[in-house]
Amino acid sequence: MATNSKLTKIGSVVVENGKYIDKDGNEKKRWHEIGILFATPHHSQMCIKLHSNGFGEGQFCKIFYDKGKEPNFKDSMPDGGKAVDVVIPPEEIPF
């Protein structure tokens with residue numbers, strides 16, 4: 001799968017890989033990164049790139065949402081909001 005230039009890294013895909021005790025005596029989980037999560041700006045497209053594994057080079061994985069779990073992405077104003085068309089002339093910008 002070729003990567004889309006609009007995809008940017010938004011997170012890491014990790015698995016718990018043991019535990020340790022920190023300097024204050026607290027038990028903490030140890031995490032191991034197995035891949036990277038990429039998404040378009042509005043997260044309408046996402047994919048995971050798995051790091052190298054037993055199948056050879058790292059691979060990209062497509063994410064499919066469960067029915068009824070799809071995110072509700074929309075480019076609209078919040079309830080009651082209005083779009084405002086404001087134009088500020090460059091000479092009025094204070095820097």
Quick one: which residue pairs count as a salt bridge (Lys or Arg N to Asp or Glu O under 4.0 Å) with a foot in residues 28-38, not counting sequence neighbours?
E16-K29
Indicate the atoms forming the closest heavy-atom contact of L37 with M46, along with that distance.
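What the structure gives for the nearest pair is CD1-CB, 4.4 Å.
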Minimum heavy-atom separation for W31 to V14, with atom names?
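Smallest heavy-atom distance, with atoms named: CE3-CG2, 3.7 Å.
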Is a donor on one side and an acceptor on the other found under 3.5 Å between the side chain of T40 and the backbone of Q45?
yes
For D24 and N26, indicate whether the former's side chain and the latter's backbone hold a donor-acceptor pair under 3.5 Å.
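Checking the backbone N and O of N26 against the side chain of D24, no donor-acceptor pair under 3.5 Å is found.
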Hey, could you give me the CD1/NZ distance between I36 and K9, rounded to the nearest 0.5 Å?
5.5 Å
S12 side, atom OG; H51 side, atom NE2 - distance, nearest 0.5 Å
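Between S12 OG and H51 NE2, I get 7.0 Å after rounding to 0.5 Å.
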Could you state whether L50 and V15 fall into the same hydrophobic cluster, counting links through intermediate Ile, Leu, Val, Met, Phe, Trp or Tyr residues with side-chain heavy atoms under 4.5 angstrom apart?
yes
For K19, which residues count as a salt bridge (charged side-chain N to carboxylate O under 4.0 Å, His left out) partner, sequence neighbours excluded?
E27
